[in-house]
Amino acid sequence: MIAGPGLPLVVDAVLDVAPDIRAFVLRHPSGDPLPSFVPGSHLPVFCGEGRINSYSLTGESGAPETYAISVHHRRDGRGGSTFMHALRVGDRLACGLPRSAFAPVASARHHLMIAGGIGITPFLSHLRAARRWGRSASLLFAVREGAPVPHAAELDALCGDLRVLRGRAAMTAAVEAALVDQPLGTHLYVCGPEAMIDDVLERAARAGWPAERCHAERFGAVLPPGAPFEAILRRTGRRIAVPAEASLLDAVEAAGIPWPSLCRQGVCGECRMEGVEGTILHRDHYLSPAEREAGNCLMPCVSRGAGLITLDL
Amino acid sequence: MPAENPRRIIDPMHETTASASRPRRHRRFVASARTSLPTWPDAPPPLDEAGRGFVLVGTGRGAAAVLDGWRARAGDRPVLAFRDENTEESGDRAAVWLEPALASARTGWRLMIAAPAADVLRLSALARRAGMIEAEIRAFAVQDGVSPLVCVHCRTDFEAEGEPGDEVDCPGCGLRLVVHQHLSRRLGRLAAFVADAEGGRP
């Protein structure tokens, strides 16, 4: 389910920006203007069969007439991107309202953006805002050897300090050099494959960057199954089993209890559960270290319990 | 943060009478844990080992020894340092030195200040204006001095002996002011407003 008010949209244009990467322009069926959004926001899109994928909005963030998203076709994925790539002009889509989880910091003196592959998408709206507000920004963009650069023309027009890097070694060298030569007050933004994000954040920490300056947007990776465990529902006394290959969220829903959720990958924060007791195995990217430490809330879409946990349900 | 300085806790029920020697304390002040007042550590904080480079500033008596300790811990990491223990204008001179130093420092560096409280407030305000955040600034107030104040009525910046709750005269507009327990981190000054504002005075 999509929490909050939904937004029905219709596909206005489809165009291929790179092999396997297709851009969609969406508009309101009545032609009404769409809600403004914070740069870096994503749009929850209902992709059939209960799947909700989140795609970064790549267009103008202020009073837009259309929304634009770019979708990488992942043939080994859960089917959401296959559904998207089958869309034609005129098709209708059920969407949620844009959600901000990767906003530029307005007080930053400079914005250092690091993107890998399809991780470029949130930076398109960042760069538009940077241009509009006269913010200083530079972008390092890792693109696979031999692959075309998605959104190349737009990026050229939007960013005066863009470097496209081919291959891991070139990217690593550029990141290392950038992290030790930014003016005071720079904020770091990174979006791309999980391993790249972890690598950049680790290098930033080693170069003395406080965590407050480092911002990451993760796609959410496919997690390995965990050990089976059980959950007691405190309010009803029911006991539900969570098998290895199912999430706690799956098990709660299978028990007939509706619970809000969105990304189901431990990223968006929608399914947060409070009042949990027992040993929690956190596997999300949402909760802060302090919240994990407190040990009384979890993201049931990815996180699990050890042995037996108690839920406030 | 270190434990708060008990000197700053003022019992809201405690009332003292005004006298020439001891200014009257304001009755409604709350414990500093709930205000924007800085809390100063009792001993110099250690060098922030996470830093990749350092800007070190020391003014006032005792600052040199603190700076030497920090510099030793920095090892072979880059350090830009300023110290001036003796002159009246050491705070001004430090401020003039600090701006270009911060321009040449890079993200990942830390600022460490050992100075009288007024200089700490002023220099860290400069650093914030240059883009630094709290996580990048550590300070040690080496001696108590005068407080940097701003009159909220005429916006005059001035220095005076006086802690939150004390009354002082504004050199700009002449109003009798009470030093409020609010620090403007942007200005590096405590706000002061007219004493007995509710007392029916014109």
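As the structure is a computational prediction, the values presented were derived from the model and not from experiment. Letters A, B, ... are given to chains in the order of the sequence lines, protein chains preceding strands, and every chain is numbered from 1.
Within the 4.5 angstrom heavy-atom criterion, atoms from both the backbone and the side chain of B:Ala105 approach chain A. Only the backbone of B:Arg128 comes within contact range of chain A, judged by heavy atoms closer than 4.5 Å. For a residue to count as touching a neighbouring chain, one of its non-hydrogen atoms must lie under 4.5 Å from one of that chain's; by this rule B:Arg129 touches chain A with the backbone only.
Not less than 6.0 angstrom separates the ring centroid of A:Phe102 from the ring centroid of A:His42.
Chain A forms the most heavy-atom pairs under 4.5 Å with one residue out of B:Ala127, B:Ala135, B:Ala130, and that residue is B:Ala130. Looking only at heavy-atom pairs under 4.5 Å with chain A, the residue among B:Arg106, B:Glu49, B:Glu136 that has the most is B:Arg106.
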Pair A:Leu139-A:Ile120, side-chain contact (heavy atoms from CB on, under 4.5 Å): steps then yes or no: CA-CA 9 Å; A:Leu139 171 64; A:Ile120 191 64; 3.7 Å; yes

Intermediate values then yes/no, side chain to side chain donor-acceptor pair (under 3.5 Å), A:Thr58 and A:His151: CA-CA 10 Å; A:Thr58 59; A:His151 296 285; 5.5 Å; no

Working for side-chain contact (heavy atoms from CB on, under 4.5 Å), residues B:Val179 and B:Ser147: CA-CA 9 Å; B:Val179 179; B:Ser147 297; 5.7 Å; no

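Without hydrogens or angle criteria, A:Asp198 side chain to A:Ala195 main chain gives no donor-acceptor distance under 3.5 Å. A distance-only check finds no donor-acceptor pair linking the side chain of B:Arg189 to the backbone of B:Arg186 [under 3.5 Å]. Judged by distance alone, with hydrogens and angles left aside, the side-chain atoms of B:Trp70 form a donor-acceptor pair with the main-chain N or O of B:Pro45 at under 3.5 Å. One N or O on the side chain of B:Ser104 and one on the backbone of B:Ala101 form a donor-acceptor pair closer than 3.5 Å.
Residues of residues 164-186 of chain A lying under 4.5 angstrom from chain B, judged on non-hydrogen atoms, are A:Leu179, A:Val180, A:Asp181, A:Gln182, A:Pro183, A:Leu184, A:Gly185, A:Thr186 in numerical order. Within residues 205-217 of chain A, the residues approaching chain B closer than 4.5 Å by heavy atoms are, in numerical order, A:Ala207, A:Gly208, A:Trp209, A:Pro210, A:Glu212, A:Arg213. Within residues 127-136 of chain A, no residue has any heavy atom under 4.5 Å from a heavy atom of chain B.
Tested against B:Met132, the residues B:Leu126, B:Leu111, B:Val55 include a single side-chain contact (heavy atoms from CB on, under 4.5 Å) partner, B:Leu111. Here the rule is side-chain contact (heavy atoms from CB on, under 4.5 Å) with A:Ser36, and of A:Pro64, A:Ser61, A:Ser41 only A:Pro64 fits it.
For A:Glu274, the CD atom counts as densely surrounded, since its 6.0 Å shell holds more than 12 non-hydrogen atoms of other residues, nucleotides or ligands. Counting non-hydrogen atoms of neighbouring residues, nucleotides and ligands closer than 6.0 angstrom, the CZ atom of A:Arg144 reaches no more than 12 such neighbours.
Rounded to the nearest 0.5 angstrom, B:Glu161 CD and B:Leu149 CG are separated by 10.5 Å.
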Show me the donor-acceptor pairs, under 3.5 Å and distance only, between side chains in residues 93-100 of chain B and residues at least two apart or in other chains.
from: B:Arg93; atom 1: NE; to: B:Asp84; atom 2: OD2; distance (Å): 2.6
from: B:Arg93; atom 1: NH2; to: B:Asp84; atom 2: OD2; distance (Å): 3.1

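Using the six-membered ring where Trp is involved, A:Phe123 and A:His126 have ring planes that are perpendicular, over 60° apart on the 30 and 60° scheme.
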